[in-house]
Structures are given as structure tokens and as C-alpha cells.
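Hydrogens, waters and symmetry mates play no part in the numbers below; they use all other heavy atoms, side chains included. We name chains A, B, ... by the order of the sequence lines, and we start the count at 1 in each one. Being a predicted model, the structure only gives us computed values, none of them experimental.
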Protein chains: 2
Amino acid sequence: MAASTKPLILSILKEGKSYGYLIIQKVKDLSGGILEWSDGMLYPVLHRLEKEGYIESEWMISENGRKRKYYSITEQGKLELIAEKEDWLSVQAVLVKLWGILPTE
Amino acid sequence: MAASTKPLILSILKEGKSYGYLIIQKVKDLSGGILEWSDGMLYPVLHRLEKEGYIESEWMISENGRKRKYYSITEQGKLELIAEKEDWLSVQAVLVKLWGILPTE
DNA sequence: GATAATACATTGATAATCTACGTAAAGATA
DNA sequence: TATCTTTACGTAGATTATCAATGTATTATC
């Protein structure tokens, strides 16, 4: 399941800055509660993606004074997302053929 | 990319018996040449799936006298494929939302 | 004052991945 | 007949990914 973390995180950050806790919520919301990521699973991935140069972070203070580490996607990350998207769609196309379903099913 | 080996292999074997070399060909064909698996990458996955009980194997001799190890999907494997499919479609649905595309694009 | 929610992090065991390498036979080509 | 390509299987081992478990701390709610 977690093999999909990279495209999902990059896609979310392409929509705009976000932070760890909120990313988990967004994934949960967008999936209708099906995808529930743990924080212990997400943070190492965020650190790895930052180390690889796909995202970058800055500490910010929210309205209520809470510290948050906001991540944003880099130019390199955008290119990587395009590649990830191509890969995903390639596999998706094959699976759709094998499953004999319409892609929306 | 290789995170997709499991659903792909199980889906192919659900269509009928097959063997390592042919599976690589099928994936290549179905993807229009985009997905090219190496044998050294596939065989360990086949062994793992067999060990986990999702597929089973038997040695057979082809028309030209060549030895082949044919794999077929087990009942447990069929159940696992259903689960894999659900997982895949959950992620797919989220990505489609984020990418703002029709699933066929 | 206690509990839940928010928000970050690391550690470390387990599992997955993939390149590189090895074997061998059949078929094609020169 | 010698060589190359294709078919067909395999393992080893380094690298990487995964995830549960655990820790810290603040804010919000009850």
C-alpha cells in the first residue's frame, strides 16, 4: 500500500504547501476514510523526499501558536511527479486490460 | 515501479497458467513495451508469492523439449488479488482526484 | 485536571527491491 | 562449426523501503 506514498505526497504538495499531520488528513479525506496513514510511516518518507530534493521544508507558526513544518514541492519534485504519473498510468493501463473493467469501476 | 509486481503477476495468472519468461513478455506486450521487467527481478517475487501460498508451480516440458516452471494462482491468491485490487483502486481514485483527470487520460 | 487531538521525531526489526552474476539449452546466422 | 541471440531458470547480497513502537510536547476540550 505504501508504495503509493511518493506520488500521493508529491501530488498533494503540488496543490500547495502542507505539513505532515495535514497530509495524513487529506489522504484520509480524499479516500473517504479508506487510506489511513500513520505518522510514523509518513515522516520518514517526507525526510527522504526532502533529502532527495523533491520537496523542501520550513518551520512556521500557525495562528494558534503551534509549530508546523511546512513542505512544498521543488521544481525537481514536479519533474519527478510527472515521471511518477507516467509510471502509474502505465501500470494502471495494464491492470485495466487484465481486469477487463472501465477505469472508473 | 516494482510495487506493482504483485497485482500484475496475480492478475496474469488468474487468466491461466504461465511461466516466468512468458510473464515478462506479457507485461511488456500489454504495456506496449513500456514495462520491461528483468528476470532477476521477477523470479524472487514468484518464489515469494509461492512461499506465501498465493501461487503454486509445477515443472512441465514444452513442445520443443524445454523445461518450464508453470505457475498458477491458488484460491488464496484469488482472494489476495481481490484485496490488492481494492487497494489499488483506492489509491487510483485519490490520484485521479488530485490530478484532475479522467481515469482514461 | 484529565483526555483527546495536534504535531513533530527516531529507532530498529523486517521485508522488498534490483543489480549483478551464474547455468544451460535451443535456435539462428554467418 | 563457431558464434550470437533467445529462451528459461536460478541465487547472492547490497541497498532501500516499510511500519510498528516509542518518545516528546503543546493545544483544545470536557
Side-chain angles (χ1 to χ4, degrees), chain A residues 1-10 12-13 17-29 33-72 80 84 87-88 91, chain B residues 1-10 12-13 17-29 33 35-72 80 83-84 87-88 91:
Chain A
M1 180 184 289
S4 48
T5 46
K6 195 174 169 186
L8 280 172
I9 292 170
L10 291 180
I12 286 171
L13 292 182
K17 275 187 170 65
S18 191
Y19 56 96
Y21 196 84
L22 185 56
I23 290 172
I24 290 171
Q25 305 265 299
K26 276 195 185 171
V27 168
K28 191 178 175 186
D29 285 352
I34 291 170
L35 300 179
E36 287 198 73
W37 287 355
S38 67
D39 49 357
M41 171 263 222
L42 176 64
Y43 291 118
V45 180
L46 287 173
H47 298 158
R48 198 194 79 217
L49 292 177
E50 183 170 28
K51 192 175 152 207
E52 290 168 339
Y54 300 136
I55 63 177
E56 55 192 10
S57 65
E58 54 176 332
W59 283 99
M60 297 178 83
I61 309 293
S62 71
E63 324 77 49
N64 52 22
R66 202 183 273 281
K67 274 202 309 176
R68 288 177 188 156
K69 197 175 190 176
Y70 275 84
Y71 287 92
S72 43
E80 182 67 10
E84 286 280 332
D87 287 349
W88 182 274
V91 176
Chain B
M1 179 186 289
S4 48
T5 46
K6 195 174 168 186
L8 280 173
I9 292 170
L10 291 181
I12 286 171
L13 292 183
K17 274 187 170 66
S18 191
Y19 56 97
Y21 196 84
L22 185 58
I23 291 172
I24 291 171
Q25 305 265 299
K26 276 195 185 171
V27 168
K28 191 178 176 186
D29 286 352
L35 299 179
E36 286 198 73
W37 287 355
S38 67
D39 48 357
M41 170 263 223
L42 176 64
Y43 291 117
V45 180
L46 287 174
H47 298 161
R48 199 194 81 218
L49 292 178
E50 184 171 27
K51 192 175 151 208
E52 291 169 338
Y54 301 136
I55 63 179
E56 55 192 9
S57 66
E58 54 176 332
W59 283 99
M60 296 177 82
I61 310 293
S62 72
E63 323 78 49
N64 52 23
R66 204 182 272 282
K67 275 200 310 176
R68 285 176 189 156
K69 198 175 190 177
Y70 275 84
Y71 287 92
S72 43
E80 182 66 11
E84 286 280 331
D87 287 349
W88 182 275
V91 177

Item checked: Side chains of A/D39 and A/Y21 in contact at under 4.5 Å (non-hydrogen atoms) ->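 They are not in contact (no side-chain heavy atoms under 4.5 Å apart), so the answer is no.
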Starting from [atom2] on [N], measure out to [atom1] on [X] and report it in whole angstrom.
X	N	atom1	atom2	result
B/I23	D/dA8	CD1	C1'	12 Å
B/K6	C/dA15	NZ	P	13 Å
B/K67	D/dT6	NZ	P	23 Å
B/E84	C/dA16	CD	C1'	13 Å

Next item on the list: Give a yes or no on whether the backbone of A/K28 and the side-chain of A/E36 come within a donor-acceptor separation of less than 3.5 Å.
Entry: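 No; judged by distance alone, with no hydrogens or angles, the pair does not exist.
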Next item on the list: Ignoring hydrogens and angles, tell me if any N or O in the side chain of A/S18 forms a donor-acceptor pair with the backbone of A/L22 under 3.5 Å.
Entry: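 No, because the side chain of A/S18 does not come within donor-acceptor range (under 3.5 Å) of the backbone of A/L22.
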Note to self: Counting the atoms with a prime plus P, OP1 and OP2 as sugar-phosphate, which does B/G20 contact under 4.0 Å by heavy atoms, base, sugar-phosphate, or nothing?
What the structure shows: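 Here B/G20 touches the backbone only, sparing every base.
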Item checked: Sugar-phosphate only, base, or nothing, as touched by B/R66 at under 4.0 Å among non-hydrogen atoms -> base
Next item on the list: With DNA chain C as reference, determine whether A/Y21 or A/L46 sits nearer its 5' end, using the nearest nucleotide of each.
Entry: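 The residue closer to the strand's 5' end, by nearest nucleotide, is A/Y21.
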Check: Does OP1 or OP2 of D/dA17 have a side-chain N or O of A/R48 closer than 4.0 Å?
Finding: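 A/R48 to D/dA17 OP1/OP2: side-chain N or O found under 4.0 Å.
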Check: More 5' along DNA chain D: B/W59 or A/V45, using each one's nearest nucleotide?
Finding: B/W59
Notebook entry, point to check: Of A/D39 and B/D39, whose nearest nucleotide on DNA chain D comes first from the 5' end?
Noted result: B/D39
Checklist line | Aromatic plane relationship, A/W88 with B/W88 - under 30° parallel, 30 to 60° tilted, over 60° perpendicular | finding: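 The rings of B/W88 and A/W88 lie parallel, inter-plane angle below 30°.
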